[in-house]
Amino acid sequence: MLDRIKALPEMVAFAIGLSLIIFSPIVLFLISFLISFGKWTAIIQAIVWGVATLFILSAADKRHSRIDKKK
């Protein structure tokens with residue numbers, strides 16, 4: 001999974017990570033009207049935010065390595 005995340009361009013990885021952080025609580029809130037998650041809501045949200053953090057950190061790493069090469 002990490003290889004696939006690292007293979008994405010930095011802007012795409014950052015956009016995916018940011019959209020996961022912004023839209024996942026909204027989607028879980030809307031789905032909670034249909035299905036009762038209970039305790040699982042926090043666990044699902046933590047997993048989604050963990051994956052989103054991996055996307056953002058991958059984008060940041062690519063950006064820093066690109067900027068360091070210019071100097």
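Residue numbers start at 1 and run along the sequence shown. Only this structure's heavy atoms are used, side chains among them; waters, hydrogens and symmetry mates stay out.
Within the structure, no pair that satisfies the ring pair (Phe, Tyr, Trp, His ring centres under 6.0 Å) test touches residues 45-64, not counting sequence neighbours.
Contact check for Leu57 versus Asp61: no side-chain heavy atoms found under the 4.5 Å cut-off. With contacts defined as side-chain heavy-atom distances shorter than 4.5 Å, the pair Ile43/Trp40 qualifies.
Of all non-hydrogen atoms in Ala52 and Ile21, the two that sit nearest each other are CB-CG1, 3.6 Å. Annotation for Lys6 and Ser58: closest pair CA-OG, 3.9 Å, computed over non-hydrogen atoms. Looking at every heavy atom in both residues, Val51 comes nearest to Leu20 through CG1-CD1, 4.4 Å. Of all heavy-atom pairs between Ile22 and Pro25, the closest is O-CD, 3.5 Å. Here the shortest heavy-atom pairing between Gln45 and Ser24 reads NE2-OG, 3.0 Å.
Here CD1 of Ile5 is found 11.0 Å from CD1 of Ile56. Values are rounded to the nearest 0.5 Å. Of the inter-residue distances, the one linking Ile16 atom CD1 with Leu54 atom CG reads 12.5 Å to the nearest 0.5 angstrom.
Under a hydrophobic clustering in which Ile, Leu, Val, Met, Phe, Trp and Tyr are joined whenever their side-chain heavy atoms come within less than 4.5 Å, directly or via other members, Met11 and Leu18 fall into different clusters.
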